[in-house]
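Sharing a structure, written as C-alpha cells. Questions coming.
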Amino acid sequence: MQGMNIFDQALMRLDDAAKYLDLDADVLEKLKYPRETTKVRLMIRMDDGSRKSFMAWRCRYDDTRGPTKGGIRFHPEATAEEVETLAFWMTFKCAVMDLPYGGGKGAVRVDPRTLSKTELERLSRAYIQAFAKVIGPNRDIPAPDVYTNSMVMGWMADEYASIQGEPAPAVITGKPMALGGSLGRDDATARGGYYLVRHLTRRLGLPTQARVAVQGFGNAGQHIARLLAEDGHRIVAISDSRGAVHCPDGIDPRSAIRAKREGSVTALAGSAGISALASEDLVAVDCDLLVPAALEDMIHEGNASRIKASAVLELANGPLTPEADAILERRGITVLPDILANAGGVTVSYFEWVQNRQGYYWPIDDVHARLQTAMEREGDAIWRLARERGLTLRRAAYVHALARLASAIEAHGTQQFFTS
Ligand SMILES: NC(=O)C1=CN([C@@H]2O[C@H](COP(=O)(O)OP(=O)(O)OC[C@H]3O[C@@H](n4cnc5c(N)ncnc54)[C@H](O)[C@@H]3O)[C@@H](O)[C@H]2O)C=CC1
Ligand SMILES: O=C(O)CCC(=O)C(=O)O
C-alpha cells in the first residue's frame, strides 16, 4: 500500500467491499473511474490591480443515483487526484444515507487566508463562471468544505443566478439563511456524528461522560466539541493548523471557539490549567473518543499505534490511511467511518435542496428530527451488517453503499452504462 496514491487507496475499499456481494463486473467497471473531471485555470484581479491565476477542478464522479453532490474546498495543496478521491467518497456517502444523489467534489488550489474579502469574492464568482455549465440543480450541486463557508456559497449562488437570469437556490447548499439556506446546515456535519455516537454509546463501550480529543477546529471540530460538551462529555484536547492544547479536566469549547475566531486555539495555553501540546501528540492523548476533523491521512502507520482512545469518530474525510485502519482493527479500536460519521452535512444539504425546490422552509426541530432518524437508521443497518458478517464498520458501510449503487446501476440497464 505504501507509495500508492490516495485515489488507488480509495479504490481498494471498492474491491474489498465487492468481495462480500455477488456483483456484475459492469458495476465495478463503472465505479472505478470518475465520470468527468473539469479543470480550469481561474484568473482574478487582485486588490493591487495585478492578476493572479488559480487551478480549479470539479469532479462529477458518478450520477447513477441522482445529480452529483459534494463540497468545494479552497486549499493550497488541492490536487485533481484529491478532488476525484473526495468525489468517490461522496458517491459512497450519498448511497450510505440513501440520498437521491451521486458523488461530486470541487476545489481551488489557494490559501484563502492570504486573500482579502473582495479577492475571495472574486475567486468564488470566477469559480461559478467557469463551472456554470457543469453544475445545476438537477446536475451537480456544490456545498461548503474545507476553508469555504456559507458566505462563499452565497456569492456562488448569486453568481449562478446572474448567469441564469433567475434565482436558482437549489444549485448550491450551505447558503446563508437570507438566500434560501436551511436551518441546521451549519452544524449538521458534527450533529450527524453526535447523533451517531449518542445512539451507539453503549454498543461502543463508551462511558456516558467520555473524554474526547478533537483534531481540527473548523466547522466540524468546533460543533462536535460544543455538542459533546453540552451532553456532559469532556473535551480534553483540541488542535488546529497552528498547534494543540491539552487539559485533562476539560476545555470549555466556548472559550476555544473564541480563541479560534481570534487566530488559534493555541492562545488558550497557560490559562485554566490548559497546556500547549505538540500537534503530532494530539492522537496520543489519554481519552475515550478521538475525533479527527481536519484533513486526509492525518492518522497513519507512524502514529496509529499511539492512539489511546477506544473509538474514533471520523468527521474528516479520509483521516485514516489504510495502514492506520489495519492497525486500529488489530488493536480492537472501533472506527465510525467517514462515509457514515460525517454524512450529516450532506444529509441536511439534501434537506436544503428539497426545501428550495418546494419553496417551503422547515423549522429547526424538523431538520434535527429527520437528521437523527437518518443517522440512527443507517447506523443501525451498518452495525447489524458488521455484526452478522464479522466486518469492521468501514467495510460494512462500503458493502451497504455498494449494494445500493449496484442495484441502481443494474436498474438503469446496459444502455445507460455504455452511453454515459
Ligand atoms: N463542512 C462540511 O459540511 C463537511 C466537512 N467534512 C470534512 O471535515 C473536515 C473538516 O472540514 P471543515 O470543518 O468543514 O473545514 P474548516 O475549513 O471549517 O476547518 C478545518 C480545520 O482544520 C484545521 N487544520 C488544518 N490543518 C490541520 C492540521 N494539520 N492539524 C490540525 N488541524 C488542522 C484548520 O485549522 C481548521 O480549524 C474535512 O475533511 C472536510 O472534508 C465532511 C463532511 C461535511
Ligand atoms: O453538503 C454537501 O453537499 C457535501 C458536503 C461534503 O462535501 C462532504 O460531505 O464531504
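In listed order, ligands and their atoms are each counted from 1. For clarity, every value in this text was computed on a predicted model and none was experimentally measured. The residues of the chain are indexed from 1 along the displayed sequence.
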Quick check: G218 and ligand 1, any N/O pair under 3.5 Å apart?
yes

Polar contacts were defined as any N/O atom of the residue lying under 3.5 Å from an N/O atom of the ligand; does this apply to L295 and ligand 1?
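Between L295 and ligand 1, no N or O pair is found under 3.5 Å apart.
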
Are more than 12 heavy atoms from other residues, nucleotides or ligands located less than 6.0 Å from atom CD of E77?
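Not buried by this count: 12 neighbours or fewer within 6.0 Å.
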
Restricting to non-hydrogen atoms, name the atom on A406 and the atom on L23 that form the minimum distance, rounded to 0.1 Å.
CB-CD2, 3.5 Å

Nitrogen or oxygen of T189 less than 3.5 angstrom from that of ligand 1
yes

Give the numbers and elements of all ligand 2 atoms closer than 4.0 Å to a heavy atom of M90.
4 (C), 6 (C), 7 (O), 8 (C), 9 (O), 10 (O)

Under 4.0 Å between a Lys/Arg side-chain N and an Asp/Glu carboxylate O for E378 and R404?
yes

Between R394 and E314, does any side-chain N to carboxylate O distance fall below 4.0 Å?
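So R394 pairs with E314 through a salt bridge.
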
Only one of L11, L402, T64 clears side-chain contact (heavy atoms from CB on, under 4.5 Å) with L31; which?
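Among L11, L402, T64, the one that satisfies the side-chain contact (heavy atoms from CB on, under 4.5 Å) with L31 is L402.
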
Under 30°, 30 to 60°, or over 60°: which ring-plane class applies to W353 and Y101, parallel, tilted or perpendicular?
perpendicular

Determine, for D140 against K133, whether the closest basic-nitrogen to carboxylate-oxygen distance falls under 4.0 angstrom.
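A salt bridge is absent here (no side-chain N lies under 4.0 Å from a carboxylate O).
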
Atoms of ligand 2 close to G345 [distance to a heavy atom under 4.0 angstrom, numbered from 1]:
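Those atoms are 1 (O).
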
So if I count the atoms of ligand 1 from 1 in the order they appear, which ones are less than 4.0 Å from some heavy atom of D240?
30 (N), 31 (C), 32 (N), 33 (C), 35 (O)

Pull out every atom of ligand 2 sitting under 4.0 Å from any heavy atom of K93, numbered as shown with elements.
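This gives 8 (C), 9 (O), 10 (O) as the contact atoms.
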
Is the number of heavy atoms from other residues, nucleotides or ligands within 6.0 Å of CZ (R357) greater than 12?
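Yes.
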
Can you list the ligand 2 atoms lying under 4.0 Å from a non-hydrogen atom of G71?
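The atoms of ligand 2 under 4.0 Å from a heavy atom of G71 are 4 (C), 6 (C), 7 (O).
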
Quick one: do E36 and R58 make a salt bridge, cutoff under 4.0 Å?
no

What protein heavy atom sits nearest atom 34 (C) of ligand 1, and how far off is it?
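Looking at atom 34 (C) of ligand 1, the protein heavy atom closest to it is Y147 OH, 3.6 Å.
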
Closest by any non-hydrogen atom to atom 5 (C) of ligand 2: pick that one out of K69, M97, R185.
R185

Is the NZ or CZ atom of R370 both under 6.0 Å from the centre of the six-membered ring of W362 and within 45° of that ring's axis?
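Ring-cation test returns yes.
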
Please work out whether any backbone atom (N, CA, C, O) or any side-chain heavy atom from C-beta onward of V346 is under 4.0 Å from ligand 2, and answer side chain, backbone, both or neither.
both

Atoms in ligand 1 with a heavy atom of R185 nearer than 4.0 Å
3 (O)

Distance-only side-chain donor-acceptor flag, R41 / S53, under 3.5 Å
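Present: a donor and an acceptor within the cut-off.
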
So is there a nitrogen or oxygen of M298 less than 3.5 Å from a nitrogen or oxygen in ligand 1?
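Among all N and O atoms of M298, none is under 3.5 Å from an N or O of ligand 1.
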
Would you indicate whether K308, at its atom NZ, is surrounded by more than 12 heavy atoms from other residues, nucleotides or ligands within a distance under 6.0 Å?
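More than 12 within 6.0 Å, yes.
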
Between D111 and R113, is there a salt bridge with N-O shorter than 4.0 Å?
yes

List ligand 1 atoms under 4.0 Å from K260, heavy atoms only on the residue side.
35 (O), 37 (O)

Hey, are R125 and E119 close enough for a salt bridge, meaning a charged N less than 4.0 Å from a carboxylate O?
no

Give the residue, atom name and distance (to 0.1 Å) of the protein heavy atom nearest atom 38 (C) of ligand 1.
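Answer for atom 38 (C) of ligand 1: A294 O, 3.0 Å.
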
At a 4.0 Å threshold, what atoms of ligand 2 neighbour a non-hydrogen atom of S349?
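Heavy-atom distances to S349 below 4.0 Å select 1 (O), 2 (C), 3 (O).
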
Atoms in ligand 1 flagged as close to F217, the criterion being non-hydrogen separation under 4.0 Å
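The atoms of ligand 1 under 4.0 Å from a heavy atom of F217 are 21 (C), 37 (O).
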
Parallel, tilted or perpendicular: which describes the rings of F88 and F7, with under 30° parallel and over 60° perpendicular?
perpendicular

Proximal ligand 2 atoms for K105, defined as those under 4.0 Å from one of its heavy atoms
6 (C), 7 (O), 8 (C), 10 (O)

If you count the atoms of ligand 1 from 1 in the order shown, which ones are under 4.0 Å from a heavy atom of V146?
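What qualifies from ligand 1 is 11 (O), 15 (O), 17 (O), 38 (C), 40 (C).
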
Answer yes or no: is there an ion pair linking D63 with R60, defined by an N-O contact shorter than 4.0 Å?
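Yes, this pair counts.
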
With heavy-atom distances below 4.0 Å as the criterion, list the atoms of ligand 1 near S239.
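So the atoms of ligand 1 that pass are 31 (C).
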
As an exercise, identify every atom of ligand 1 less than 4.0 angstrom from a heavy atom of L315.
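In order of numbering, the contacting atoms are 6 (N), 7 (C), 8 (O), 42 (C).
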
Under 3.5 Å between any N/O of D145 and any N/O of ligand 1: does that happen in this structure?
yes

Could you tell me whether N317 approaches ligand 2 through its side chain, its backbone, both or neither, with non-hydrogen atoms closer than 4.0 Å?
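Under 4.0 Å from ligand 2, N317 contributes side-chain atoms alone.
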
Starting from atom 18 (O) of ligand 1, which protein heavy atom do you reach first, and at what distance in Å?
N219 N, 2.8 Å

Is there at least one pair of N or O atoms, one from T148 and one from ligand 1, spaced under 3.5 Å apart?
no

Is there a polar contact between ligand 1 and E296, counting only N or O atoms under 3.5 Å apart?
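No, no N or O pair falls under 3.5 Å.
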
Is the count of non-hydrogen atoms from other residues, nucleotides or ligands lying under 6.0 Å from Q209 atom CD greater than 12?
no

In Å, rounded to the nearest 0.5 Å, how long is the span from CD1 of I274 to CD1 of I251?
5.0 Å

Considering only heavy atoms, which of A316, G193, G70, A293 lies nearest to atom 10 (C) of ligand 1?
A293

Which option, S279, S241, G243, owns the non-hydrogen atom nearest atom 27 (C) of ligand 1?
S241

Any atom of ligand 1 sitting under 4.0 Å from a heavy atom of R73?
yes

Does ligand 1 come near enough to A220 that some N or O of the ligand is less than 3.5 Å from an N or O of the residue?
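By distance alone, the answer is yes.
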
Taking both backbone and side-chain atoms of N317, is any N or O found less than 3.5 Å from an N or O belonging to ligand 1?
yes

